[in-house]
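For ligands, and for the atoms within them, numbers begin at 1 and follow the listed sequence. Counting from 1, the numbers follow the sequence of the chain as shown.
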Amino acid sequence: MLLCVNIDHVATLRQARRGIEPDPVMVATLAILGGADGITVHLREDRRHIQDRDLKILREVVPNELNLEMAATKEMIGIAIRTKPDLVTLVPEKRLELTTEGGLEVKSHKKTLQEAIRRIHGIGIPVSLFINPQKDALEIAKQTGADMVEIHTGMYADAKSRNKEKELTRVVSAVKTALDLEFFVNAGHGLNYFNVSQVASIQGIRGLYIGHSIISRAVFIGMERAVREMNKLIKEALRE
Ligand code: PXP
């Protein structure tokens with residue numbers, strides 16, 4: 001199972017002063033030294049964290065999977081076509097949200113998604129869709145031509161006590177449905193050192209996409225170690 005590390009929050013810290021440090025590019029290199037299988041950045045319309053310059057340099061220095069998270073807009077599709085990341089993950093984007101709040105509204109945006117995927121496929125880049133753990137959403141996602149889905153684990157991560165088990169069951173069945181639909185299946189959002197094992201032990205998941213908890217731990221123990229510790233939990237969960 002791959003561990004792909006989202007480094008947006010390093011850019012958030014840099015943008016607090018609009019200076020040059022900490023540089024997300026340097027952190028990407030440390031994450032890879034710590035065993036990350038890929039780097040994810042979300043280039044937002046408002047450029048609140050990752051900047052165009054970051055994406056450009058990351059494309060030159062990331063030796064494994066560079067995943068560009070983005071909204072399916074004309075501007076972002078143009079950037080993806082010029083930059084050529086290894087994977088594009090389409091997400092909904094709201095100006096006022098603190099982080100991506102939910103999966104894509106695939107039903108109402110089916111045409112827009114189909115067109116975005118067609119254009120990105122045109123230069124040979126696979127496309128993943130960020131989807132809530134719901135059967136109907138996955139079935140519609142299949143009709144868009146996407147190659148992969150990333151199952152939204154945020155509701156599982158946020159759930160308390162008895163609801164946690166219920167939300168985990170929803171993630172487990174969504175992974176199964178997505179595999180039956182012949183998607184490559186990723187998962188992410190809200191995963192941390194305390195809740196990752198349950199998701200990592202689900203059979204068939206290709207990769208976990210994790211940001212905030214790794215960057216938060218890296219503040220105390222350094223990036224390489226934070227990535228190594230997360231990877232160890234994932235590998236142990238798979239073995240059990
Ligand atoms: N996957 C997607 C689609 C996201 O939007 C995010 C947040 O940027 C993540 C994964 C990572 O979430 P977190 O920072 O909570 O680990």
Atom 14 (O) of ligand 1 - nearest protein heavy atom and its distance:
His212 N, 2.9 Å
Taking Asn195 for its side chain and Gly190 for its backbone only, find out whether a donor-acceptor pair lies under 3.5 Å.
yes
Ligand 1 to Glu150 polar contact by distance, N or O atoms, under 3.5 Å
yes
of all protein heavy atoms, closest to atom 8 (O) of ligand 1 is Asn6 ND2, 3.3 Å
What atoms of ligand 1 come within less than 4.0 Å of a heavy atom belonging to Phe130?
3 (C)
Are Glu236 and Lys232 ion-paired here, with the side-chain N under 4.0 Å from a carboxylate O?
yes
Atom 12 (O) of ligand 1 - nearest protein heavy atom and its distance:
His189 CA, 3.5 Å
Answer yes or no: is there a donor N or O on one side and an acceptor on the other, between the side chain of Asn231 and the main chain of Gly35, under 3.5 Å?
yes
Quick check: does Tyr209 get an N/O under 3.5 Å from an N/O on ligand 1?
no
Check Arg118 with Glu115, please: is the shortest side-chain N to carboxylate O separation under 4.0 Å?
yes
Can Thr89 be said to touch ligand 1, with heavy atoms closer than 4.0 Å?
no
Tell me which protein heavy atom sits closest to atom 16 (O) of ligand 1, plus the residue, atom name and distance to 0.1 Å.
Gly211 N, 2.8 Å
Between Asp23 and Arg53, is there a side-chain N and carboxylate O pair less than 4.0 Å apart?
yes
Note the single closest protein heavy atom to atom 15 (O) of ligand 1, along with its residue, its atom name and the distance in Å.
Gly190 N, 2.8 Å
Modelled atom types, side-chain donor and acceptor of Asn6 and Thr40, under 3.5 Å:
no
Looking only at heavy atoms, is any part of His152 under 4.0 Å from ligand 1, and if so is it the side chain, the backbone, or both, or is it neither?
neither
Any N/O of Val91 closer than 3.5 Å to an N/O of ligand 1?
no
Give a yes or no on whether a salt bridge exists between Glu93 and Arg48, defined as a side-chain N under 4.0 angstrom from a carboxylate O.
no
Would you say ligand 1 has an N or O under 3.5 Å from any N or O of Glu69?
yes
Can you say whether the rings of His9 and His212 are parallel (under 30°), tilted (30 to 60°) or perpendicular (over 60°)?
perpendicular
